[in-house]
2 protein chains.
Amino acid sequence: MRWSDLENEPCPVARGLSVVGDRWTLLVLRDCFRGLRRFDDIHASLKITRHVLADRLKRLESTGVLERQQYSTAPPRFEYRLTEKGRALYPVMVSLIQWAETYQPHDGTPPYRFHDRETNALLDPVLVDRGSQVPIDSRHVRAARAQGADKPL
Amino acid sequence: MRWSDLENEPCPVARGLSVVGDRWTLLVLRDCFRGLRRFDDIHASLKITRHVLADRLKRLESTGVLERQQYSTAPPRFEYRLTEKGRALYPVMVSLIQWAETYQPHDGTPPYRFHDRETNALLDPVLVDRGSQVPIDSRHVRAARAQGADKPL
DNA sequence: GCCATGAGTTCCGAAACGGAACTAACTTGG
DNA sequence: CCAAGTTAGTTCCGTTTCGGAACTCATGGC
């Protein structure tokens with residue numbers, strides 16, 4: 001299996017990772033969720049090589065996660081914004097944050113908290129079944145294809 | 001920034017990715033969630049080089065995501081099982097699956113569905129605020145440190 | 001003894017990455 | 001008008017990691 005083959009795998013985990021599964025892409029998207037849009041701002045934040053950053057932004061644009069928009073014509077300058085497809089990755093990001101804060105803590109830094117932008121209410125993000133509100137737990141869940149064989153995950 | 005520095009970053013996204021952010025680790029964990037436990041089974045499923053697989057399993061064991069258990073003494077044989085810390089990554093995996101099924105679809109394969117193992121009820125996993133049941137959406141959420149500066153994400 | 005099984009390790013060429021400098025297209029300050 | 005600054009990249013080169021295949025080691029079965 002090569003990395004470039006992942007995008008055509010039937011497994012959705014593989015297809016997801018073909019877009020965001022390399023070492024830096026999710027950190028670029030973290031900066032986008034923080035509001036950064038320009039090459040140099042993201043570069044200053046991440047400190048990966050400009051070479052790699054340029055490549056990642058190009059890929060994210062080509063997969064439709066970011067869009068490149070001109071914000072100045074003379075000189076021509078571009079910025080990167082999350083598309084709907086990109087914003088839809090927020091639950092992945094938040095789930096990862098929750099996991100890391102619990103199981104991979106960092107001493108000396110107060111924990112992350114999520115708030116409603118309008119009411120300022122504290123939020124406690126949790127993955128549940130929409131109908132029953134029961135939390136999703138790997139030991140109580142079985143994954144299968146809609147029709148056909150009962151192949152797990 | 002180097003990959004090996006991520007684990008000590010204050011940012012929880014960086015710390016999470018220091019464990020699961022490389023190109024193959026989440027695919028190894030997908031196989032673990034599917035029930036695979038043995039080296040050769042995971043190798044047959046993933047088809048990455050044995051070299052890389054051995055390295056990833058070692059790292060996952062050292063970070064406490066998997067545990068290596070002996071299941072045969074003569075010859076000595078080991079298998080890898082998810083720990084609680086590993087099972088806690090299930091929401092990340094499920095969020096990624098939901099995203100990929102929606103935005104990175106694969107023709108000709110029926111979509112994934114999640115069911116309750118006991119009642120067999122269809123589940124619709126969604127990230128919500130535990131109190132209000134309101135879905136978590138990047139445009140309506142602000143991330144900040146608990147006390148101190150209001151630095152986003 | 002000979003082959004099979006399971007869990008790796010070793011070796012080498014290819015691809016990706018890190019660091020630093022360089023380019024291009026302007027704008028601003030003197 | 002010229003020099004310096006800003007922004008968004010690109011190029012070059014040495015190091016690290018990866019892919020593919022073969023090899024090791026312990027043991028069990030025929």
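Every chain is numbered from 1 and lettered A, B, ... according to where its sequence line falls, protein lines coming before strand lines.
Under the salt bridge (Lys or Arg N to Asp or Glu O under 4.0 Å) criterion, R77(B) pairs with no residue at all, not counting sequence neighbours. Qualifying salt bridge (Lys or Arg N to Asp or Glu O under 4.0 Å) partners for R87(A), counting only residues two or more places apart in sequence or in other chains: none. Evaluation of the side-chain hydrogen bond (donor to acceptor under 3.5 Å, both in side chains) rule for H51(B) yields no partner, not counting sequence neighbours. Scored by the side-chain hydrogen bond (donor to acceptor under 3.5 Å, both in side chains) test, S45(B) finds D31(B) as partners (sequence neighbours excluded). By the salt bridge (Lys or Arg N to Asp or Glu O under 4.0 Å) test, R59(B) pairs with D55(B), sequence neighbours left out. Not a single salt bridge (Lys or Arg N to Asp or Glu O under 4.0 Å) links R2(A) to another residue, sequence neighbours left out. D22(B) is linked by a side-chain hydrogen bond (donor to acceptor under 3.5 Å, both in side chains) to T25(B), R56(B), counting only residues two or more places apart in sequence or in another chain.
In this structure, R139(B) pairs ionically with D137(B), as a charged nitrogen and a carboxylate oxygen lie closer than 4.0 Å.
In this model, the phosphate group of dT17(D) is not approached by any side-chain N or O of W24(B) to a distance below 4.0 Å at OP1 or OP2.
Contacts between residues 38-50 of chain B and DNA chain C, counted as heavy-atom distances below 4.0 Å, involve R38(B), F39(B), D40(B), R50(B). DNA chain C is contacted by V52(A), R56(A) of residues 51-71 of chain A, taking any non-hydrogen atom closer than 4.0 Å.
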- Message: Generate the contact string for nucleotides 24-29 of chain D. Rules: B means base contact, S means sugar-phosphate contact only, - means no protein heavy atom under 4.0 Å.
- Response: --BSS-

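Chain A approaches DNA chain C over the interval dC17(C) to dT27(C), counting the first and last nucleotide 5' to 3' with an atom under 4.0 Å from its heavy atoms.
Screening residues 106-124 of chain B for salt bridge (Lys or Arg N to Asp or Glu O under 4.0 Å), with sequence neighbours left out, gives R130(A)-D124(B).
Using modelled atom types and a 3.5 Å distance limit, the side chains of Q69(A) and R81(A) yield a donor-acceptor pair.
Hydrophobic clustering (side-chain heavy atoms under 4.5 Å, transitive across Ile, Leu, Val, Met, Phe, Trp, Tyr) keeps V92(B) apart from V126(A). Linking Ile, Leu, Val, Met, Phe, Trp and Tyr residues whenever their side-chain heavy atoms come within less than 4.5 Å places V20(A) and Y112(B) in a single cluster.
A straight line from CG of D5(A) to C1' of dC18(D) spans 14 Å, rounded to a whole angstrom. The CZ atom of F78(A) sits 16 Å away from the C1' atom of dT6(D) (whole-angstrom rounding).
For Q70(B), the CD atom counts as densely surrounded, since its 6.0 Å shell holds more than 12 non-hydrogen atoms of other residues, nucleotides or ligands.
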